[in-house]
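Below: the structure, in structure tokens.
Predicted model only: the values in this text are computed from it and were never measured. Chain letters run A, B, ... following the sequence lines, proteins first and then strands; every chain starts at 1.
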Amino acid sequence: MSLAIIGIAEVPTKRDPERTRWDMLSDVCMGAIRDAGIDKDDIEAVISVNPMAQAQMALDMALGRVPEVLGLKGCKDICVLNSGGTSTTNCLRLAKYFIDNGQAKFVLIPHTTVQSDIPTEDLINFFATAPLDPQWEYPYGVTFNGAMGLITNRYMHDTGATAEQMASVTVTLRGWGALDPNSIFYGKPVTLEDVLESRMISTPLHAKECNFLADGAGAMVVTSHEIAQELGRPAAYELGHGVRFTGATPVLREDPYFIKAYRESSQDALTEADLSIDDMDLRQIYGAYPFTQCSALEGYGVCEFGEAAAIWAEGRCGPGGDLPCTSMGDATGRGHTGSGVSMAFYLDTVRQLRGEAGERQVSDCNHALITTSGGSVMNACTTIFGSAPR
Amino acid sequence: MSEYRKPLPQIQPFTEAFWEGTRNNKLLVQTCNDCDARIFFPRRQCPECWSKDLDWIEASGKAEIYAFSVTYEGVESVFREDLPIVLAWVDLPEGIRMQTNIIDCDPDRVEIGQQVEVVFKPVTDDITLPYFRPVA
């Protein structure tokens, strides 16, 4: 079985209700198919990323409107997949199966989300009820920020990480975002003081360490390694994959910082790829809250438990650093587009491996590790991509 | 008490005993008669061995703060009157960890490892929520 991403397109992350879900969706689907250098009728399956908190759009995607609107006459099947922030990962997995068993040579994977037309109160409610327990957490006023504040607080207690070190993660992520035309924070870096002096939301998380909900869309065209090579265009080749489940409810997890899930999923992925963590030129971590940028490095074995916050504070993970991490900026450095964050992570990884990341380009980027997570980090899905097949 | 507008726990048939307990100022922990597991949150069957021979023990009401977070903003409007809200995960000596709020406290002085005790607050005729407060 093999999978390669051969076409990508994205619209800049913004808050702009004038830009409709279908406008963005059409643009990115057409863009990704053109980028792949194939004909629209070559697409044989459309596997959509479930848009969160947007019931009508989810139904439109589930019931086949995407190939119809775009006139994809070769499309044999459609599906929408939902596992929260890891929906895109599961779209890639199903696409790999379709490609491997001959159901499709080329699969289109689209995402679109508009949150700027949803009332703030409804969004707080969605993010408080969807990934948290309605009986044992929600009645206590737990929000998504609150749940992540609880974990961050304990993480800092256990590791000795300081508020300044934790804030440096956001400074670095915004540093990447400031260089990225697709980030809502393009041209808007922040300083340590900006982060530490922003409003306290749920201790120890300041406003700038929490997610800024935004709109966005992206799409990918995928095929097999063999076809990608025949096409002779730059592509991102999947080399290995691993996943672990951590649990649905934050308070019940035995692995509160997901260290074990990061470790085991990355080991499985690296073993399949026949590579080691030291072979990675870029680590892309989708955890949506800054502590995950630290605990993931500890889980991967890049450093020991308790050492990662200092590494971030030294600037090693940012643009120009010797240990580049999360050039996508994560949700805090780019804007949170619901289930679109993971889409944007894969798109950014493809850009890096194709040498198309502009000012953010990681030098000699040939191998990248990417971890996505869904819900309140219910899982860690780690994939290794390379600029060439094995 | 009928004006309580905040979300109420969605009770299931197999969690009724827990909420009947809190109405009677008792904090109950579900246990498995077959494998002795201490179970939180309460289930229809033991998550360890799938036994349906489940029982309850009354907790001492003592607990220790494992983690906390003080929320100052970003809550739904019905919770706004309660800000700041001290969210906490507390470890019970009976072997479970649960989500709660720390009340009757100075939010700036809450600490990991702090000893707390249960407080029962009736919020409707049917529902009494267990909160915790620092041990004096």
Side-chain angles (χ1 to χ4, degrees), chain A residues 119-129 132-160 198-213 247-257 289 291 376, chain B residues 4 6-12 14-16 18-19 22 39-43 47 65-91 96-103 107-108 110-113 121 123-124 127-132:
Chain A
T120 305
E121 180 92 357
D122 291 355
L123 286 171
I124 294 174
N125 176 271
F126 176 79
F127 282 98
T129 51
L132 303 172
D133 193 278
Q135 187 167 198
W136 308 104
E137 293 185 308
Y138 186 43
Y140 292 104
V142 187
T143 61
F144 208 104
N145 290 331
M148 293 298 149
L150 278 157
I151 306 172
T152 305
N153 177 315
R154 181 75 200 197
Y155 178 80
M156 292 170 69
H157 175 85
D158 284 353
T159 60
S198 62
R199 302 181 329 275
M200 186 59 84
I201 305 295
S202 289
T203 60
L205 298 173
H206 302 82
K208 288 195 162 46
E209 295 171 294
C210 297
N211 290 289
F212 189 79
L213 298 179
T249 307
V251 69
L252 298 184
R253 294 189 191 121
E254 291 173 10
D255 182 18
Y257 320 125
Y289 284 82
F291 79 90
S376 51
Chain B
Y4 191 80
K6 283 173 269 191
L8 291 165
Q10 294 170 21
I11 299 175
Q12 297 148 301
F14 46 90
T15 64
E16 277 173 6
F18 179 92
W19 298 105
T22 59
I39 304 164
F40 188 82
F41 45 85
R43 321 276 161 104
I65 296 178
Y66 173 81
F68 72 95
S69 175
V70 186
T71 292
Y72 290 94
E73 59 177 270
V75 295
E76 287 175 70
S77 53
V78 290
F79 281 106
R80 228 167 266 156
E81 63 187 24
D82 297 338
L83 294 173
I85 297 172
V86 183
L87 304 171
W89 292 352
V90 296
D91 285 340
I96 65 159
R97 178 174 297 158
M98 60 186 290
Q99 171 76 56
T100 188
N101 295 151
I102 307 299
I103 60 167
D108 292 335
V110 175
E111 290 179 354
I112 288 172
K121 282 182 67 168
V123 297
T124 68
I127 298 292
T128 294
L129 288 172
Y131 294 92
F132 285 77

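- Looking at A:Asp122, there are no atoms closer than 4.5 Å to chain B (heavy atoms on both sides), in backbone or side chain.
- Ranked by heavy-atom pairs shorter than 4.5 Å toward chain A, the options B:Leu129, B:Val78, B:Thr100 are led by B:Thr100.
- Taking CG of A:Leu150 as the start and CD of B:Gln99 as the end, the distance is 5.5 Å to the nearest 0.5 Å.
- A:Thr203 has its side chain within reach of B:Tyr72: a pair of non-hydrogen atoms, C-beta onward, lies under 4.5 Å apart.
- For B:Lys6, the salt bridge (Lys or Arg N to Asp or Glu O under 4.0 Å) partners at least two apart in sequence or on another chain are B:Glu81, B:Asp82.
- Applying the salt bridge (Lys or Arg N to Asp or Glu O under 4.0 Å) test to B:Arg97 and every residue at least two apart in sequence or in another chain returns B:Asp91.
- Taking B:Phe79, B:Tyr66, B:Tyr131 one by one and counting their heavy-atom pairs under 4.5 Å with chain A, the maximum is reached by B:Tyr66.
- Listed options A:Thr152, A:Asn125, A:Ile151 were ranked by heavy-atom pairs under 4.5 angstrom with chain B; first place goes to A:Asn125.
- Of the two parts of B:Ile85, only the side chain, counted from C-beta on, holds a non-hydrogen atom closer than 4.5 Å to a non-hydrogen atom of chain A.
- Between atom CG of residue B:Leu8 and atom CD of residue A:Gln135 there is a gap of 11.0 Å, rounded to the nearest 0.5 Å.
- We find the OG-CG distance between B:Ser69 and A:Leu205 to be 6.5 Å, quoted to the nearest 0.5 Å.
- Atom CD in B:Glu76 sits 10.5 Å away from atom CG in A:Leu123 (nearest 0.5 Å).
- Below 4.5 Å, heavy atoms of chain B meet heavy atoms from A:Thr249, A:Pro250, A:Val251, A:Leu252, A:Arg253, A:Pro256, all part of residues 248-256 of chain A.
- Per-residue counts of heavy-atom pairs under 4.5 Å with chain A were compared for B:Val86, B:Val75, B:Ile96, B:Ile127; the largest is that of B:Val75.
- The side-chain heavy atoms of B:Phe68 and A:His157, taken from C-beta on, include no pair separated by under 4.5 Å.
- Applying the salt bridge (Lys or Arg N to Asp or Glu O under 4.0 Å) rule to A:Asp158 yields the partners A:Arg154; only residues at least two apart in sequence or on another chain are considered.
- Aromatic ring pairs are classed by plane angle as parallel below 30°, tilted from 30° to 60° and perpendicular above 60°; the pair A:Trp136 and B:Phe40 is perpendicular.
- With a 4.5 angstrom heavy-atom cutoff, A:Asn153 touches chain B via backbone and side-chain atoms both.
- Considering all non-hydrogen atoms of both residues, B:Tyr4 and A:Pro139 come closest at OH-O, 4.5 Å.
- Contact annotation for B:Pro130: both backbone and side-chain heavy atoms come within less than 4.5 Å of a heavy atom of chain A.
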*Show the numbers, then the answer: is there a side chain to side chain contact (heavy atoms under 4.5 Å, CB included) between B:Phe41 and A:Glu137?*
CA-CA 10 Å; B:Phe41 45 85; A:Glu137 293 185 308; over 6 Å; no
